[in-house]
2 protein chains.
Amino acid sequence: MGLVKTEIFTEQQNEIALFAKVFGHPARVAILQHLFKINACICGDLVQEIGLAQPTISQHLKELKQLGLIQGNVEGTSVCYCIHTENWIKMKKIMFQFLDQDSPEKDCC
Amino acid sequence: MGLVKTEIFTEQQNEIALFAKVFGHPARVAILQHLFKINACICGDLVQEIGLAQPTISQHLKELKQLGLIQGNVEGTSVCYCIHTENWIKMKKIMFQFLDQDSPEKDCC
DNA sequence: GACATTAATCGTAATATTGCAATGAATAAA
DNA sequence: TTTATTCATTGCAATATTACGATTAATGTC
């Protein structure tokens, strides 16, 4: 085990879980917040900013990129990472829909 | 390793990551959606509904409860689980704030 | 009391994640 | 061409997560 049984869930449930999972690490939260703040960033900055080793940051960036939430453009020897605005908005809609379910008037029981 | 370095992140970043992490599994997403839908639920229902073994569901419920997102009241031999509305709203605010950061007008580079 | 029902807990196997040192690839600077 | 810089990749150790069988605890029913 240690293996999620994705096949028994809906596509929507798996998608929500995938997005949530990538936000489930403070380093990735911090990376995204930094990218939003300065709106353009090279990986080196992030290593300074966050305080994890360069390979670790690189790995977190890869996960964010795989989900399409950020994009990276090579620029000389450095790489410029930034938010993929269009995909971010798509993700936001999906997550909002999940988080913003109507709360029942009062808790049961 | 395999150990998150929480101490190098802000409280806010760690909190966001904690909430996101609990949503990072489709079973927990499904449980929450079901609780929202029927607004009162016993664990047995969920075992039928979701299709995972009873101990597994019980474990997922525990994690949701630990974060305060659901509450469980004993009712005879069964337990009635439901959304903890107040805490859910608090969580929603925190997550919205993170997800709804201003997108830059256009992607950098 | 004896038995059934329901859900929590324990123990454990399989797998995933985190973090980093070492290394590699690509470009820029000399 | 050599060297420096920047970031990706590889490999690995430590830890976390997922899932479930077996068991336990608690309550209800007979």
Side-chain angles (χ1 to χ4, degrees), chain A residues 1-9 13-14 17-31 34-35 40-67 70-82 109, chain B residues 1-9 13-14 17-31 34-35 40-67 70-82 109:
Chain A
M1 287 95 219
L3 173 62
V4 176
K5 288 187 158 183
T6 49
E7 69 276 8
I8 67 171
F9 301 103
Q13 287 163 344
N14 283 315
L18 269 186
F19 280 130
K21 201 161 151 190
V22 91
F23 299 139
H25 193 294
R28 292 190 289 263
V29 171
I31 288 172
H34 193 62
L35 286 185
C41 191
I42 54 168
C43 180
D45 276 9
L46 288 167
V47 175
Q48 306 301 315
E49 182 75 20
I50 313 262
L52 288 170
Q54 179 266 321
T56 308
I57 298 290
S58 192
Q59 193 176 295
H60 285 306
L61 287 168
K62 193 179 169 187
E63 287 175 65
L64 289 167
K65 201 173 173 185
Q66 266 169 354
L67 261 187
I70 64 173
Q71 58 191 146
N73 299 82
V74 179
E75 214 162 83
T77 48
S78 60
V79 175
C80 169
Y81 278 107
C82 60
C109 321
Chain B
M1 286 93 220
L3 173 63
V4 176
K5 288 187 158 183
T6 49
E7 70 277 6
I8 67 172
F9 302 103
Q13 287 163 344
N14 284 315
L18 270 186
F19 281 129
K21 201 162 152 190
V22 92
F23 299 139
H25 193 293
R28 292 190 289 264
V29 171
I31 288 172
H34 193 62
L35 286 183
C41 191
I42 55 170
C43 181
D45 276 8
L46 288 168
V47 174
Q48 305 303 314
E49 182 74 18
I50 315 261
L52 288 171
Q54 180 266 322
T56 309
I57 297 290
S58 192
Q59 194 174 294
H60 285 306
L61 286 168
K62 193 178 168 189
E63 285 174 66
L64 289 167
K65 200 173 175 184
Q66 266 169 354
L67 261 186
I70 65 173
Q71 57 191 145
N73 299 82
V74 179
E75 213 161 84
T77 47
S78 61
V79 176
C80 168
Y81 278 106
C82 61
C109 321

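Every chain is numbered from 1 and lettered A, B, ... according to where its sequence line falls, protein lines coming before strand lines.
Set against D:dA19, C:dA8, C:dT9, the side chain of B:Cys43 has C:dA8 as its closest nucleotide. Listed nucleotides: D:dA16, C:dC20, C:dT5. Nearest to the side chain of A:Ala53: C:dC20.
Atom pair A:Lys62:NZ and D:dC7:P shows a separation of 17 Å (rounding to whole Å applied). Atom-to-atom, CD of A:Glu63 to P of C:dT18 comes out at 6 Å; the value is rounded to the nearest Å. Atom CG of A:Asn14 and atom C1' of D:dT18 are 14 Å apart (whole Å). The CD-P distance, from B:Glu75 to D:dA26, rounds to 19 Å in whole Å. Spacing between atom CD of B:Gln66 and atom P of C:dA8 amounts to 12 Å, rounded to whole angstrom units. If you measure from atom CD of A:Glu7 to atom C1' of D:dT18, you get 13 Å, rounded to the nearest angstrom. Between the P atom of D:dA19 and the CG atom of B:Leu46 lies a distance of 15 Å, rounded to the nearest Å. Rounded to whole angstrom, the span from the CD atom of B:Gln59 across to the C1' atom of D:dG21 amounts to 13 Å.
DNA chain D is contacted by both A:Leu61 and A:Val4; A:Leu61 maps to the nucleotide lying nearer its 5′ end (nearest heavy atom per residue). Projected onto DNA chain C by closest heavy-atom contact, B:Val79 and A:Leu52 fall at different nucleotides, the more 5' of which corresponds to B:Val79.
B:His25 has a side-chain polar atom (N or O) that falls below the 4.0 Å cut-off from OP1 or OP2 of D:dA19. The phosphate of C:dT18 has neither OP1 nor OP2 within less than 4.0 Å of any side-chain N or O from A:Thr56. Residue B:Lys21 has no polar side-chain atom (N or O) positioned under 4.0 Å from OP1 or OP2 of C:dT17. In terms of phosphate contacts, A:Lys5 brings a side-chain nitrogen or oxygen within less than 4.0 Å of OP1 or OP2 of D:dC20. The phosphate of C:dA8 has OP1 or OP2 within less than 4.0 Å of a side-chain N or O from B:Ser58. Remark: B:Tyr81 is not in phosphate contact with C:dT6, judged by side-chain N or O atoms under 4.0 Å from OP1 or OP2. For D:dT17, the OP1/OP2 oxygens have no side-chain nitrogen or oxygen of B:His60 closer than 4.0 Å.
Side-chain to base pairing of A:Gln54 with D:dA8: one donor and one acceptor N or O lie within less than 3.5 Å of each other.
Contact between B:Leu67 and B:Leu18 at its shortest, heavy atoms only, is CD1-O, 3.6 Å.
Using cut-offs of 30° and 60° on the angle between ring planes, the pair A:His60 and A:His25 is tilted.
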